[in-house]
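A quick write-up on the structure given underneath.
When a ligand or atom number is given, it counts from 1 through the structure's own listing order. Here the structure is a predicted model, which is why all the values come from computation and not from measurement.
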Amino acid sequence: MIQLDLTGQVAVVTGGSSGIGLATAELFLQAGACVAICGRDGDRLARAERELRERHPQAQLLAARCDVLDANDVAAFAGAVEQRFGRADMLVNNAGQGRVSTFADTTDEAWREELDLKYFSIIRPTRAFLPMLRSTAKQGQNASIVCVNSLLALQPEPHMVATSSARAGVLSLIKSLAVELAPEHIRVNSILIGIVESGQWRRRYENDAAAQAAGQSWQQWTGELARKKHIPLGRFGLPEEAAQALFYLATSLSSYTTGSHIDVSGGVARHV
Ligand code: NDP
């Protein structure tokens, strides 16, 4: 791994209390950045903060409760970051979760909830942190936004119809944002992930009554799913592997890249 010294820079990771977000926060801390994470569940957030502080005793870390769909929460989170660190350099829009449902069983309300989550989990934090990103960019320093998106944006799955559709829309949003913000030297990119081991997959495993009854281990369960889903690399991705791609796109390592995405799907993408 290329060593990059991010001392003095501030990385904001929404949904940084678990999975990909937590692994990303850790990478930024390792590189010396100040890090702000948020999440809704106070216990999960406190656990994440404890873990990060144990591993990085000198960490400049802010952990705030914030639902990215709540405009007031997001404004308060941005205010807390400004008060604590005085700036923001990199925003990682990661908070969220997927929805398993076919067209037949997705209600109007579920469609609205899914579109709301996928769009506004990007729109609200982006709007709230833009003033700080702008002043970073005006100082000639790296300013960036990176969004966690899914390969479903390009390769929809009928059993995740609403998520797939919303992901495609978000890919378009990210491209427009990149073009609009490029003259201000704020880069906007995303990663398209396949299946990454994380909180949401752990919960699916724990709720799989058949797997629990059969005494299937986590490794057996994920291995079987990887085979069923024909993942060429034969396994789920690790949160750290998604985090490394996010880190690359957020930092000056990718200084000439905007409006782009990196595939982190273990080879599942079928298009060229
Ligand atoms: P986790 O469940 O491990 O982490 C999700 C994080 O987001 C948690 O910190 C959670 O905390 C937070 N979060 C969720 N909703 C909100 C909200 N409204 N406001 C603030 N924080 C929120 O899952 P992953 O690490 O897998 O998920 C990260 C991103 O990757 C998500 O956007 C997910 O949709 C996307 N993704 C993941 C895939 C995978 O295979 N893992 C596949 C495709 C996309 P809390 O619940 O306490 O708020």
Side-chain angles (χ1 to χ4, degrees), residues 12-27 35-49 51-52 63-78 91-100 113-125 128 146-157 159-160 162-164 166-168 170-171 174 190-207 221-222 225-226 229 231 233 235-243 245-246 261-266 268-269:
V12 177
V13 184
T14 68
S17 59
S18 169
I20 295 166
L22 181 56
T24 307
E26 174 121 42
L27 273 190
V35 173
I37 59 172
C38 79
R40 295 163 301 176
D41 184 283
D43 291 340
R44 187 177 294 152
L45 194 63
R47 209 165 38 243
E49 183 178 8
E51 271 177 36
L52 290 172
R65 274 182 71 174
C66 162
D67 180 343
V68 290
L69 300 184
D70 182 315
N72 293 330
D73 272 14
V74 176
F77 180 41
L91 169 65
V92 180
N93 288 317
N94 160 76
Q97 60 191 34
R99 177 181 295 268
V100 177
E113 272 177 17
E114 189 59 8
L115 292 170
D116 201 40
L117 173 64
K118 295 296 179 290
Y119 278 96
F120 284 93
S121 61
I122 293 178
I123 293 169
R124 292 232 161 87
V146 194
C147 303
V148 176
N149 200 351
S150 161
L151 184 63
L152 294 172
L154 299 177
Q155 197 161 286
E157 295 274 1
H159 74 283
M160 294 186 79
T163 295
S164 299
R167 291 298 195 188
V170 156
L171 196 58
I174 293 166
S190 63
I191 62 168
L192 302 185
I193 53 179
I195 298 184
V196 171
E197 284 187 17
S198 66
Q200 54 178 320
W201 281 101
R202 281 273 171 192
R203 289 191 288 279
R204 283 179 206 173
Y205 163 66
E206 281 155 17
N207 294 331
W221 189 80
T222 56
L225 252 178
K229 290 185 176 287
I231 300 175
L233 287 182
R235 62 175 177 84
F236 281 20
L238 300 173
E240 299 74 39
E241 293 172 314
L246 289 168
H261 51 259
I262 294 180
D263 176 310
V264 190
S265 73
V268 168

Smallest heavy-atom separation, Leu152 atom then Met160 atom, equals CD1-SD, 3.9 Å

Can you tell me how far the CD atom of Glu240 sits from the CG atom of Leu27, to the nearest 0.5 Å? 8.0 Å

Nearest-0.5 Å distance, OG of residue Ser164 to CZ of residue Arg99: 12.5 Å

Glu241 and Arg235: salt bridge (Lys or Arg N to Asp or Glu O under 4.0 Å), yes or no, with the steps? CA-CA 12 Å; Glu241 293 172 314; Arg235 62 175 177 84; 2.8 Å; yes

Measure the spacing between CG of Asp41 and CZ of Arg47 and express it to the nearest 0.5 Å. 7.5 Å

Amino acids contacting ligand 1, non-hydrogen cut-off under 4.0 Å: Gly15, Ser17, Ser18, Gly19, Ile20, Gly39, Arg40, Asp41, Arg44, Cys66, Asp67, Val68, Asn94, Ala95, Gly96, Gln97, Gly98, Val148, Ser150, Arg167, Ile193, Gly194, Ile195, Val196, Ser198, Gly199, Gln200, Trp201, Arg203

Could you give the distance from CG (Asn149) to NE2 (His261), rounded to the nearest 0.5 Å? 9.0 Å

